> 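Pasting in a structure now, in structure tokens, and then I'll have a few things to ask.
Every chain is numbered from 1 and lettered A, B, ... according to where its sequence line falls, protein lines coming before strand lines. Just so it is clear, the model here is predicted, and its values are computed rather than measured.
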Number of protein chains: 2
Amino acid sequence: MTTETKEPLHIPAGHGVAAELIAVLVAVISEAPHIMTIRDARALPSGPFESSHRSLQSGLREWVEQQTGHPIGYMEQLYTFADRDRGEADKRTISISYLGLTREESRADARDSEWRDWYDYFPWEDHRKGTPELFEAVVAPRLRQWADEAPGKAARADRWQRAAITFGLDEFAWNEELVLQRYELLYEAGLVTEAERGQKPVLPGRAMLADHRRILATGIARLRAKIKYRPVVFELMPPAFSLLQLQRSVEALAGRLLHKQNFRRLIEQQELVEETGLSSFETGGRPAKLFRFRQAVLAERAAAGTKLPLLRP
Amino acid sequence: MTTETKEPLHIPAGHGVAAELIAVLVAVISEAPHIMTIRDARALPSGPFESSHRSLQSGLREWVEQQTGHPIGYMEQLYTFADRDRGEADKRTISISYLGLTREESRADARDSEWRDWYDYFPWEDHRKGTPELFEAVVAPRLRQWADEAPGKAARADRWQRAAITFGLDEFAWNEELVLQRYELLYEAGLVTEAERGQKPVLPGRAMLADHRRILATGIARLRAKIKYRPVVFELMPPAFSLLQLQRSVEALAGRLLHKQNFRRLIEQQELVEETGLSSFETGGRPAKLFRFRQAVLAERAAAGTKLPLLRP
DNA sequence: CGCTATAATACTCACTTTGAGCATTTATAG
DNA sequence: CTATAAATGCTCAAAGTGAGTATTATAGCG
């Protein structure tokens, strides 16, 4: 939808800026969440926005296909930010990031691109086997130390509260959605590599070029939030799947385990899936019925139900 | 948080693009939702992103203050899009839009800027007095007509279903969050002015320059969604307020009426507010206790509760 | 062939959260 | 003193959730 305007709203600025497109492309591969990477798994697929591109989305699709040989299915915009420090002095770069979901097709196109488990970059985000030992051993003590370094009692308490909330320490419950807040706090505390160039990282977890790891954190956070109120997981599933497979995928993304029976009840009562009539005999137990996603829900359920106490009409 | 990179990820594109910042600045004035406008209320505050700006956000703040004399409190990014059709041939414009919330201070700075009720632009969005007559009279019949114009039976049914869902026709319930979808559908159906330049609009509602009305729709939709799970309304309230005032503000934004007792229960059990000890005797009834927002919740409640059936640890 | 391990699937039950509404209290304006 | 307008309190049923227990269907094995 575009509108021509006879009178431009602004005189275009003299210098202009460079625009860059960046993709967080996600697939679930053997029950683990993966992202597409390039440059020895240290960067996300990206490239400049050019005048030949029809739109931001299509520009990004072109870059990703060119760099990874992999097409994107579902896409949504993540965030746009401007960097002061890169490139020429007077030239700013604007980066527009997108979240993309796809089914892995194992087209081993190489081209310096590869799928990587996203927990390689954020080991502290996987709580499927309970709270990682990392927490007791490193995260909590180091954050405590960082909090104690603050000048002033109030500032120390404040730092510790922030740490406790975002990492689920003390009485606070773990909240899997706070991926970005956690990364930024670790960055601020100097515990991840991008922060201290050349120094040995305090925490395990692969670093990335520029702020790509931060963008990845943004993407993970968005996806973890979104699976709760929109049927996006299905973009990551094969055409037919068992309910346990579906559950494992959600668990992989959320980084936590779910209650099996209640998970089924949720899926069924929301009528998100329908039976294919097929079964899978591959698990060694009772065969699982295979389901497919009910495309109709995309139309029916335009949005989630309200949380406001509405008045009847 | 910025990271220097010795090797830039990409060689900046030769031509570059122009970047524009646009604000949807909201305030609630006498129980009606308002937005800040410029140019005879036909445009949103905006201006080019320049190399002197420290960041996108601060650039936008500068423009808005300059154009309207009004500072912004809370801000969040809305969406970024690229337009082909504006400006020079080889020069693209990237527009980055923000949602801003503020308390109106009635600083009548004029300067060609003014607060306008957002329902001036979207009369069909206000359902506080029930479904507007507009629906029976114009919206429904015109959408029916538009649906019937589609080639092929399937396409006709499809169009009508989309219309029914987004506008709450037939059996579908009204969903106040679908502001953008509704505007885009009306645009597609040729019922709003930006679409048919020079023609008389079929629907009432003030048009805007370029795609500013679409950006406004995006902002309203975001805000209507967000008030349900984040305490953002308080950014729009005075320091002390009664619960009914608070309710009226939410109703103004959502465009629907709420159940009074249940609304209070919600606010109270979530401990969003605390008593100030003061009362308001201005309403002619029993005096209302005045409350203030509990700043602490911003820290405590980092995010909403889960909707996934978690397994206990 | 019957036994065992592994899942899938079914059903239960207490508890919490909502939607809807009635009832009571405390003001102001005549 | 009375009518009116709110504010505030309280109840109750229905729906939604968390946490289990119980039953059914396969494959693999001795």
> Looking at A:Arg103 and A:Met237, would you say the former's side chain and the latter's main chain have a donor-acceptor pair under 3.5 Å?
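Between the backbone of A:Met237 and the side chain of A:Arg103 there is a qualifying donor-acceptor contact (under 3.5 Å).
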> Anything under 4.0 Å to a heavy atom of chain B counts; send over the first and last such nucleotide of DNA chain C, read 5' to 3'.
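So the outermost contacting nucleotides come out as C:dT18 to C:dT28.
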> Does a donor on one side chain sit under 3.5 Å from an acceptor on the other, for B:Glu76 and B:Tyr74?
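A pair is found: one side chain offers a donor N or O, the other an acceptor, under 3.5 Å apart.
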> What is the distance from atom CZ of B:Phe135 to atom CG of B:Leu143, rounded to the nearest 0.5 Å?
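Nearest 0.5 Å value for the CZ-CG distance: 8.5 Å.
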> Output a table of nitrogen or oxygen pairs between the protein and nucleotides 6-9 of chain D separated by less than 3.5 Å.
residue : atom : partner  : partner atom : Å
D:dA7   : OP2  : B:Lys260 : NZ           : 2.9
D:dT8   : OP1  : B:Lys289 : N            : 3.3
D:dT8   : OP2  : B:Arg264 : NH1          : 3.4
D:dT8   : OP2  : B:Arg264 : NH2          : 2.6
D:dG9   : O6   : B:Gln261 : NE2          : 3.4

> What is the distance, rounded to the nearest whole Å, between atom CD of A:Glu282 and atom C1' of D:dG28?
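So the CD-C1' distance, A:Glu282 to D:dG28, works out to 16 Å.
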> Check whether the side chain of A:Arg265 and the base of D:dG16 form a donor-acceptor pair under 3.5 Å.
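Checked by distance alone, the answer is no.
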> How close or far is atom C1' of D:dG18 from atom CG of A:Leu257, stated in whole angstroms?
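From A:Leu257 CG to D:dG18 C1': 16 Å.
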> Pick the nucleotide of DNA chain D nearest each of A:Phe281 and A:Leu266; which residue has the one closer to the 5' end?
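Taking each residue's closest nucleotide, the earlier one in sequence belongs to A:Leu266.
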> Are A:Gln77 and A:Tyr79 close enough that a side-chain donor and a side-chain acceptor fall under 3.5 Å?
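No donor-acceptor contact under 3.5 Å links the two side chains.
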> B:Phe291 and B:Glu274: side chain to side chain contact (heavy atoms under 4.5 Å, CB included), yes or no, with the steps?
CA-CA 5 Å; B:Phe291 296 82; B:Glu274 61 193 4; 5.9 Å; no
> Is there a side-chain contact between A:Lys289 and A:Ser242 in this structure, where contact means two heavy atoms from C-beta onward sitting under 4.5 Å apart?
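The answer is no, as the side chains (C-beta and beyond) never meet within the 4.5 Å cut-off.
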> List for me each residue that meets side chain to side chain donor-acceptor pair (under 3.5 Å) alongside A:Arg286, sequence neighbours excluded, and say none if there are none.
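Applying side chain to side chain donor-acceptor pair (under 3.5 Å) to A:Arg286 gives none.
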> Does the ring centre of A:Trp174 sit less than 6.0 Å away from the ring centre of A:His127?
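Between A:Trp174 and A:His127, which both carry aromatic rings, the centre distance is below 6.0 Å.
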